[in-house]
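Written out below as structure tokens is the structure these notes cover.
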Number of protein chains: 2
Amino acid sequence: MPGPGGARSPRYLTIAATLRDRILARELAPHDPLPSERELGEQFGVSRMTARQAITVLESEGHVCRRPPRGTFVAEPRVRFRIGSFTEEANRLGRRPRAELLWAAETEPDPDTRAALDLHDGATVHAFRRLRLMEDEPIAIETTYFAAAATPGILDKADEGSLWTLVTELYGTELHHSDAVLESIVLDEKSCALLHIRAGSPGIMLTRRTYDAAGACVEYARDVYRADRAAFEVTASLTS
Amino acid sequence: MPGPGGARSPRYLTIAATLRDRILARELAPHDPLPSERELGEQFGVSRMTARQAITVLESEGHVCRRPPRGTFVAEPRVRFRIGSFTEEANRLGRRPRAELLWAAETEPDPDTRAALDLHDGATVHAFRRLRLMEDEPIAIETTYFAAAATPGILDKADEGSLWTLVTELYGTELHHSDAVLESIVLDEKSCALLHIRAGSPGIMLTRRTYDAAGACVEYARDVYRADRAAFEVTASLTS
DNA sequence: CAGTGGTCTAGACCACTGG
DNA sequence: CAGTGGTCTAGACCACTGG
């Protein structure tokens, strides 16, 4: 209640702040349902559209999660990843990783992929798109490219596990280091459907390269993570 | 009117896609104004609120930038940072960095800061909050903490330049490496005002520690970057 | 079938800016 | 002062889910 004339900030931000405080105070715990948008409108004396705007703020902060048509729920905290293998990261965090193969194919590389893998004209790639899950909750969509010439027969063998393990075992490749560019994006409709989040949700995109001991790029990948579930730990040496 | 029954996706996403295509095709170049929300509503035969929803999608993608009450404009592409000194990164990218000191003070550390800097009870910190700009465009807000005992007299000397350079020159500290946690956030009202973006815009938060050659943490910082202007390059060794 | 969030309408008033 | 985006209202219909 802003009370006498003091209200400086919009009502939807005041409502969002009230609900955020309740969540941070654990009055509302993860998985608890929030009141419906119609109920919140009544409670705060605003229209449904204004209550909805408040919920949208909390959703983009990752504090709540809409699950139509069941309702809106308090979200779980984020998982902290390092740049590397999803499988290894999940294991490090004591979670159960899983992969669902969406598709695998030998294709022409797009220009970025060709440049990253240093392919000559006409060379093809083995491409995989996989949904990555932890405890059966979808977290990320990985799209991975290997030079086809370097990975014969891999298409039939990619399954639910780690592609890195597979590449190491099949071809004796020693993976040495990775680099990545991280940026904040808005996920497209298809990705949101796969990740079980609403259209237009925020994500973090990693454009990632993995190198062998000789410094050759052996993997080029684009991963999109749910922004509400993932954070990334990184390190940098400053001795230039 | 969806027309001949084929419309699968909501109108606001269709409108956003149309405008996004024009931007990517450079039909609309950076700094060009978009039609106003009222005009777009007329052009696409929808209400202003629906046109507005389309613009909001493009805004959170970083494709456009609202500047009330002047209008909505096509945004510039993002700047690619590495984890490290804002000043050095700007120089590496051929940009002109600048800092505006918002405040500097000796204060009690919060629990996270105390733990990071490994301070004993009662030890204080020197805290700085600075707005970081490139070519006079605000990009990030840095909040930096040093142990007060290790940085005598620094409060008066912090100016427009690099804090790292200052620490190195004043105390002979050798900065060796950094680590950081990156996550996607929604910026609060005050930060948005400082960064000249609208309330509720997305940001990337870095929680950052810098260590000396002996492995002691000498700096703890929380930086928030505009998600529409910044991307981060990171590397990781895989030889565990 | 009741209730949810998703989408959408057709208005309204506001603060603020530039000309 | 005209025009902008910011906020807000009081409704509407939809697809979808769980009981």
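Convention: sequence-line order gives letters A, B, ...; per-chain numbering from 1.
- Minimum atom distance to the side chain of P68(A) is reached by dG5(C), of the listed dC8(C), dT17(D), dG5(C).
- Here dA12(D) presents its C1' atom at 14 Å from CZ of R11(B), a figure rounded to the nearest Å.
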Next item on the list: Would you check, one step at a time, whether the test side chain to side chain contact (heavy atoms under 4.5 Å, CB included) holds for D112(B) with R222(B)?
Entry: CA-CA 11 Å; D112(B) 286 349; R222(B) 290 193 199 93; 3.8 Å; yes
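- OP1 or OP2 of dC8(D) has not a single side-chain nitrogen or oxygen of Y12(A) nearer than 4.0 Å.
- Within 6.0 Å of the CD atom in E106(A), the count of heavy atoms belonging to other residues, nucleotides or ligands exceeds 12.
- For the pair T50(A) and dT9(D), the criterion of a side-chain N or O lying under 4.0 Å from OP1 or OP2 is met.
- Rounded to a whole Å, the CZ atom of R48(B) is 11 Å from the C1' atom of dC13(C).
- No donor-acceptor contact under 3.5 angstrom links the side chains of T72(A) and R66(A), judged on distance only.
- With rounding to whole Å, Q53(A) atom CD is found 10 Å from dT9(D) atom P.
- Applying the 4.0 Å criterion to OP1 and OP2 of dG11(D), one finds that S47(A) has every side-chain N and O outside that range.
- Side chains of T144(B) and R208(B): a donor-acceptor N/O pair is absent below 3.5 angstrom, by distance only.
- Of the two residues contacting DNA chain D, namely P69(A) and P35(B), the nearest-nucleotide position lying further toward the 5' end is that of P35(B).
- The nearest whole Å value for the distance from the CZ atom in R66(A) to the P atom in dT4(C) is 14 Å.
- For the pair S36(A) and dT4(C), the criterion of a side-chain N or O lying under 4.0 Å from OP1 or OP2 is met.
- Put simply, R67(B) has no side-chain N or O that comes within less than 4.0 Å of OP1 or OP2 on dG5(D).
- Taking atom CE of M49(B) as the reference point, atom C1' of dG6(C) lies 13 Å away to the nearest angstrom.
- Separating the CD atom of E37(B) from the P atom of dA10(C) is a distance of 17 Å, rounded to the nearest angstrom.
- In this structure, T72(B) reaches the dG5(D) phosphate: one of its side-chain N or O atoms is under 4.0 Å from OP1 or OP2.
- Here the P atom of nucleotide dG11(D) and the CZ atom of R52(A) are 18 Å apart, to the nearest Å.
- The phosphate of dG5(C) has neither OP1 nor OP2 within less than 4.0 Å of any side-chain N or O from R70(A).
- Taking the ring centroids of Y225(B) and F81(B), they lie under the 6.0 Å cut-off.
- E42(A) has its CD atom 12 Å from the P atom of dA10(D), to the nearest Å.
- Using Watson-Crick or G-U wobble geometry with both donor-acceptor distances under 3.5 Å, dG18(D) finds its partner in dC1(C).
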